[in-house]
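Numbered from 1 within each chain, the chains take letters A, B, ... in sequence-line order.
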Amino acid sequence: MSPHLIPADVDPVGRADRALTVTVDGVPMPGAHGQTLATVLLAGGRSQWRTAPSGGSRGVFCGIGVCFDCVATVNGIPDVRLCRRPARDGDIVTTQTRLSGDAR
Amino acid sequence: MSRHVVVIGGGPAGAAAAESALRHGATVTLIDSNEALGGQYNRRIPAAYGVRQPLSIGHGYDSAARRARLLIEHPRCEYLPLAAVYQIERGLDGACPAVRLLIGVEGDRRVHRVVAGHALVLATGAYDRVCPFPGWDLPGVYTAGAAQTLAKTQRVLVGRSVLLSGTGPFLLPVAQSLAENGTEVRAVLEANPGRRIARHWAAKPWQLRHSAGKAVELAEYVACGVRHRIPLRTARAVVSVAGDGRVEEATIARLDADWVPIPGSHRTVPVDAVAVSHGFTPQHELAVAAGARLTADGFVRVDESQRTSAENVWAAGEITGIGGAQVAAVEGTVAGLAAAGAAADRSLLARHRTAQQFVARLAAAHPIGPGVLTWSQPDTVLCRCEGTTRAELTDAWSRAGGDSYRPAKLATRAGLGPCQGRMCAANIEALRSRLCSDGAADDASPATGLAAASPAWRPLAAPVRLREIAELDNEGPS
């Protein structure tokens with residue numbers, strides 16, 4: 001999986017990441033305060049988490065809240081754009097699909 | 001009583017407008033959708049990230065931070081971050097439009113506000129336009145803006161081996177952000193021919209005298225490209241990508257001056273991500289809702305004081321034409337001043353004139369070539385949300401009377417998905433006007449009684465949940 005976080009120890013901006021954990025489809029995933037949910041997923045090796053009606057996979061595309069490719073259910077609220085949602089410790093993310101016949 | 005100027009947008013244009021209005025005695029409400037001022041250009045690493053050197057990346061952060069501090073601390077400025085303006089209501093009898101907004105993180109319970117001042121300045125910016133090509137909906141294809149934002153403010157790199165493709169100088173800082181953080185940038189591909197770019201940038205050099213800062217920035221990007229051995233190629237583009245479930249390779253073609261791929265020039269490069277920007281789409285939902293007229297190429301039409309055709313509404317920055325942060329700041333200064341009821345001095349007028357010339361030069365040097373419409377195939381998805389393919393749209397258009405925008409939309413669902421056409425509408429409209437015989441089919445008909453469907457018309461400018469609307473009703477007007 002190619003998207004990846006710059007390791008904190010070599011990052012010239014001098015990061016001191018404060019850890020948090022979110023759950024994605026039941027699987028715990030580590031992140032840091034300040035990340036969006038989208039980059040928690042990207043840094044955790046998931047570059048796609050939504051299924052379009054065509055069956056195509058979607059993840060981050062525009063990165064700034066315009067395209068809605070990256071929506072998922074967060075703590076029970078559907079269609080949240082993960083690229084605009086700051087990650088909070090304990091967030092529960094459920095991926096969505098719009099494939100016909102699929103309830104989610 | 002001092003004039004109350006409402007500014008929407010906290011990027012270079014909006015912040016400059018707010019500062020300029022404050023300097024001329026106005027009371028200002030500054031509304032921004034981000035958590036910190038700066039817009040896309042000076043978007044910062046979130047405070048929660050706890051970085052020690054937050055200003056060590058990017059251009060103009062110091063002056064943007066100074067301006068942000070001035071605005072946040074100013075006694076006559078109310079600053080509303082994390083505020084999504086979802087609707088504009090036109091004023092009666094020439095009154096300034098009222099702005100409806102929700103403040104807070106989407107998904108949380110948000111605070112509702114209605115703000116109406118004496119003048120409204122719109123500085124809502126633009127986002128990358130990506131024209132469809134086979135595979136552009138595969139994971140691993142990002143807008144160049146996404147690659148830039150993820151690298152600069154989230155410290156996430158979209159790939160280890162990346163191609164940048166599109167048109168315009170914006171590709172260069174993206175290449176820098178990726179390369180300096182360890183990504184191998186295989187090439188920066190500029191679709192327009194070098195001779196066109198050189199012709200427009202070399203013409204009338206005296207007009208560039210206020211753009212010295214841009215020249216320094218450009219020189220730095222070029223030096224970075226040399227340092228990291230990034231090839232910069234003109235008249236080339238990524239015309240398709242392929243892979244098993246995600247990007248594994250990209251096909252590059254040489255293009256003629258109209259962006260039509262030259263037969264036999266295709267070659268395939270293994271990459272794990274592609275970042276693309278075929279220019280920018282202005283984020284002009286609010287301007288359209290306010291009643292502002294657009295130019296033929298879809299930007300908000302303004303006069304020499306950045307005034308729109310809607311009464312008491314000004315516009316500045318990328319929604320009025322693509323010129324970058326420095327141009328946006330000059331336009332914002334002019335707009336804020338006019339909105340506050342003051343007149344620009346000669347030096348500002350001169351800077352404003354050269355800013356406009358810079359916008360025109362950029363547009364002339366880096367247009368989208370009509371040949372881009374040949375890149376998609378019948379099975380290429382044009383509407384990413386709904387999965388509508390090119391063939392589904394051309395079939396709808398080929399049926400009698402079905403060649404206008406709205407019927408095709410209703411028949412194929414293109415543009416009706418979650419993004420409401422933000423990514424696809426400009427591309428679909430360009431294809432429609434190219435393929436359909438009458439070019440400018442107008443589907444405002446007495447039969448439907450509806451206004452002409454425009455790719456720009458989205459009455460709700462930001463997503464609002466029905467629950468939030470229901471709660472507004474319970475609370476009554478605020």
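- Proximity to chain A is limited to the side chain of B:Val381, based on heavy atoms less than 4.5 angstrom apart.
- Here the closest non-hydrogen pair linking B:Gln154 and A:Thr36 is OE1-N, 2.8 Å.
- Looking at A:Arg85, its side chain never comes within 3.5 Å of a backbone N or O of B:Gly107 through a donor-acceptor pair.
- Neither the backbone nor the side chain of B:Val162 comes within contact range of chain A, judged by heavy atoms closer than 4.5 Å.
- There is no contact between B:Ser161 and chain A, counting heavy-atom distances below 4.5 Å.
- Heavy atoms only, all atoms of each residue included: B:Arg384 and A:Arg58 are closest at O-NH2, 3.0 Å.
- For chain B, the option among A:Asp69, A:Ile77, A:Ile6 with the highest count of heavy-atom pairs below 4.5 Å is A:Ile6.
- Among B:Val276, B:Asn34, B:Asp128, B:Val158, the residue with the largest count of heavy-atom pairs under 4.5 Å with chain A is B:Val158.
- The pair A:Arg84-B:Glu106 does not meet the salt-bridge criterion, since no charged nitrogen lies less than 4.0 angstrom from a carboxylate oxygen.
- When heavy atoms are compared at a cutoff of 4.5 Å, B:Leu150 approaches chain A solely by way of its side chain, counted from C-beta outward.
- Of the atoms belonging to A:Leu42, it is side-chain heavy atoms, and not backbone ones, that fall under 4.5 Å from chain B.
- Minimum interatomic distance between A:Val13 and B:Arg155 (heavy atoms only, all atoms of both residues): CG2-NE, 3.9 Å.
- Ranked by heavy-atom pairs under 4.5 Å with chain A, the first of B:Arg413, B:Gln148, B:Glu386 is B:Glu386.
- Most heavy-atom pairs under 4.5 Å with chain B, from the set A:Asp17, A:Asp11, A:Asn75: that is A:Asp11.
- Note: A:Ser57 leads A:Cys83, A:Ser57, A:Gly59 in heavy-atom pairs under 4.5 Å with chain B.
- Scanning both residues, B:Cys385 and A:Ala52, for their nearest heavy atoms gives O-CB, 4.4 Å.
- Within the model, atoms CG of B:Leu138 and OG of A:Ser47 stand 10.0 Å from one another, a figure rounded to the nearest 0.5 Å.
- Looking at A:Val74, there are no atoms closer than 4.5 Å to chain B (heavy atoms on both sides), in backbone or side chain.
- One finds the OH atom of B:Tyr127 at 10.0 Å from the SG atom of A:Cys67 (value rounded to the nearest 0.5 Å).
- Heavy-atom pairs under 4.5 Å with chain A were tallied for B:Gly245, B:Ala273, B:Gly140, B:Pro463; the largest tally goes to B:Pro463.
- Here A:Arg15 is the residue among A:Arg50, A:Arg15, A:Arg18 with the most heavy-atom pairs under 4.5 Å with chain B.
- Of the two parts of B:Asp137, the backbone and the side chain both hold a non-hydrogen atom closer than 4.5 Å to a non-hydrogen atom of chain A.
- Nearest heavy atom pair, residue A:Arg98 against residue B:Pro418, reads NH1-CD, 3.6 Å.
- Chain A forms the most heavy-atom pairs under 4.5 Å with one residue out of B:Leu157, B:Thr389, B:Val156, and that residue is B:Leu157.
- Taking B:Ala275, B:Gly387, B:Ala48, B:Gly182 one by one and counting their heavy-atom pairs under 4.5 Å with chain A, the maximum is reached by B:Ala48.
- Taking both residues in full, the closest heavy atoms of B:Ala146 and A:Phe61 are given as CB-O, 3.1 Å, listed atom of the first, atom of the second, then distance.
- One finds a salt bridge joining B:Asp108 and A:Arg88 here, because a Lys/Arg side-chain nitrogen approaches an Asp/Glu carboxylate oxygen to under 4.0 Å.
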Practice item. Run the numbers on B:Arg246 and A:Ser2 for side-chain hydrogen bond (donor to acceptor under 3.5 Å, both in side chains), then give the verdict. Key: CA-CA 10 Å; B:Arg246 59 158 300 113; A:Ser2 49; 2.8 Å; yes
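- Among the candidates A:Val10, A:Val60, A:Val80, the residue making the largest number of heavy-atom pairs closer than 4.5 Å to chain B is A:Val60.
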**Study point:** Test side chain to side chain contact (heavy atoms under 4.5 Å, CB included) applied to B:Gln420 and A:Phe68, step by step
**Key:** CA-CA 9 Å; B:Gln420 288 287 291; A:Phe68 293 69; over 6 Å; no
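- Using a 4.5 Å cut-off between heavy atoms, B:Gln40 contacts chain A through its side chain alone, with no backbone atom that close.
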